[in-house]
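Below is one structure, written out as structure tokens; the observations come after it.
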Amino acid sequence: MEDSDVNAHLPAQAKAEARRLPSQQRSRERVERMLAAASELIAEQGSDALKMRDVAERAGVPIGSLYQFFPDKSAVIRALAERITTQGRACIAEALAPVRTADELRKAFCDLVDTYYALFLAEPVMRDVWSGTQADRTLRTLELADSRASAALLVEALLAAQPGREREAAERTAFFLWQLGEAAVRLAVSVGRREGDTMVETYKRMALRELLGD
């Protein structure tokens, strides 16, 4: 699913608040500095404490330039969330594209879960950005659309590994398991490391039983 397909699921309010997209190289570089500055500030103090003037100051741009591209703090966080989902979907597609057997799917799926868990442990920005998805309707809608896109990739890999599977049932299972996996990882990073590791391993076993009958 392309980014335009994901954005098509956003509510009218989100589309109305869509940020201006940079068209020139200089503008794109400026936006990159803004987002990098926002990421650094979120990593240091969390998204709740993020202030537009601090982003502009850290990025070395006038506050008016920041508001040109991001009308408010929520727009900055949404842009970071969109970037995370785009990068994640590319990683998922790369991992699942070669799958042709059940063993290959089993390994690819477990590797993806482990990678996702490791990223959440290592990147405070990811944890902080996605912690607000339940409270922010736009971010929640973005997350659901991304889960459907990622689950669709999983379905294609599953049907390649088990051609006899019924597509509609596979789609329901994949979407549910993808959402459950995201929730499991977020819970795992909120508890102690040993307990979190156990949760992730438990999720993988449960998911593989549903996917492959393991």
Side-chain angles (χ1 to χ4, degrees), residues 3 6-7 10 13-15 17-95 112-147 149-150 181-193 196-197 200:
D3 292 344
V6 171
N7 291 337
L10 296 179
Q13 180 183 358
K15 294 176 182 177
E17 295 173 353
R19 62 190 177 87
R20 173 187 165 193
L21 297 176
S23 58
Q24 299 180 347
Q25 179 64 25
R26 182 178 178 182
S27 296
R28 288 194 290 270
E29 291 172 353
R30 181 172 291 184
V31 167
E32 287 298 319
R33 292 205 307 275
M34 295 173 187
L35 292 177
S39 293
E40 292 171 2
L41 289 166
I42 290 173
E44 292 169 9
Q45 60 193 24
S47 59
D48 288 345
L50 187 69
K51 295 180 174 58
M52 295 293 276
R53 65 174 178 272
D54 293 339
V55 175
E57 182 179 345
R58 179 72 64 94
V61 301
I63 188 68
S65 294
L66 177 61
Y67 279 114
Q68 274 188 312
F69 295 100
F70 303 101
D72 54 28
K73 183 177 81 170
S74 294
V76 175
I77 294 174
R78 281 198 296 271
L80 291 172
E82 289 167 2
R83 175 166 296 189
I84 291 169
T85 59
T86 298
Q87 293 171 343
R89 203 155 53 246
C91 178
I92 293 163
E94 182 180 2
L112 283 171
V113 174
D114 289 341
T115 298
Y116 191 61
Y117 180 39
L119 284 173
F120 261 71
L121 286 170
E123 298 292 339
V125 173
M126 286 185 65
R127 297 198 301 271
D128 202 272
V129 165
W130 286 115
S131 67
T133 55
Q134 299 301 321
D136 187 313
R137 181 181 176 187
T138 302
L139 282 179
R140 180 59 178 160
T141 303
L142 174 66
E143 181 197 33
L144 286 173
D146 181 65
S147 287
S150 299
E182 291 174 353
V185 168
R186 290 175 200 173
L187 177 60
V189 299
S190 69
V191 298
R193 181 62 187 272
D197 289 353
V200 170

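Note that this is a predicted model, so its numbers are computed, not measured.
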inquiry  = Applying side-chain hydrogen bond (donor to acceptor under 3.5 Å, both in side chains), can you list everything that pairs with Ser147, at least two apart in sequence or on another chain?
reply    = Gln179, Glu182
task = Go through Ile84 and Leu119 one step at a time and tell me if the side chain to side chain contact (heavy atoms under 4.5 Å, CB included) criterion holds.
result = CA-CA 11 Å; Ile84 291 169; Leu119 284 173; over 6 Å; no
note = What one should report as the nearest heavy-atom pair of Leu50 and Ala38 is CD1-O, 4.2 Å
query = Are any of the side-chain heavy atoms of Asp146 and Arg89 separated by less than 4.5 Å?
reply = yes
inquiry  = Return the OG1 to CD distance between Thr141 and Glu143, rounded to the nearest 0.5 Å.
reply    = 9.5 Å
inquiry  = Rounded to the nearest 0.5 Å, what separates atom CG in Asp128 from atom CZ in Phe120?
reply    = 10.5 Å
ask   = Given side chains that start at C-beta, do those of Val55 and Lys73 come closer than 4.5 Å, heavy atoms only?
value = no
key: Results of side-chain hydrogen bond (donor to acceptor under 3.5 Å, both in side chains) for Gln87 - residues two or more places apart only   = none
task = Kindly write out the residues that satisfy salt bridge (Lys or Arg N to Asp or Glu O under 4.0 Å) with Glu32, not counting sequence neighbours, or none if the list is empty.
result = Arg83
inquiry  = Please find the pair of heavy atoms, one from Phe70 and one from Ala79, that lie closest to each other, and give the distance.
reply    = CE2-CB, 3.7 Å
remark   = Residues Ala37 and Ala59: closest non-hydrogen pair is CB-N, 3.7 Å
Nearest non-hydrogen partners of Val125 and Ser39, listed with the distance = CG2-O, 3.1 Å
message = So, using salt bridge (Lys or Arg N to Asp or Glu O under 4.0 Å) as the criterion, who are the partners of Asp114 when residues are at least two apart?
response = Lys204
ask   = How would you list all residue pairs meeting salt bridge (Lys or Arg N to Asp or Glu O under 4.0 Å) that involve residues 56-71, not counting sequence neighbours?
value = Glu40-Arg58, Glu44-Arg58
For Arg193, salt bridge (Lys or Arg N to Asp or Glu O under 4.0 Å) partners two or more places apart = Asp197
ask   = Just how far is it from atom CE of Met34 to atom CG of Leu80, taken to the nearest 0.5 Å?
value = 12.5 Å
inquiry  = Show the nearest heavy-atom pair for residues Ile77 and Ser47, with the distance to one decimal.
reply    = CD1-CB, 3.8 Å
query = Between atom CG of Leu121 and atom CE of Met126, what is the distance when rounded to the nearest 0.5 Å?
reply = 10.5 Å
note = Correct closest heavy-atom pair for Val200 and Val113 would be CG1-CG1, 3.8 Å
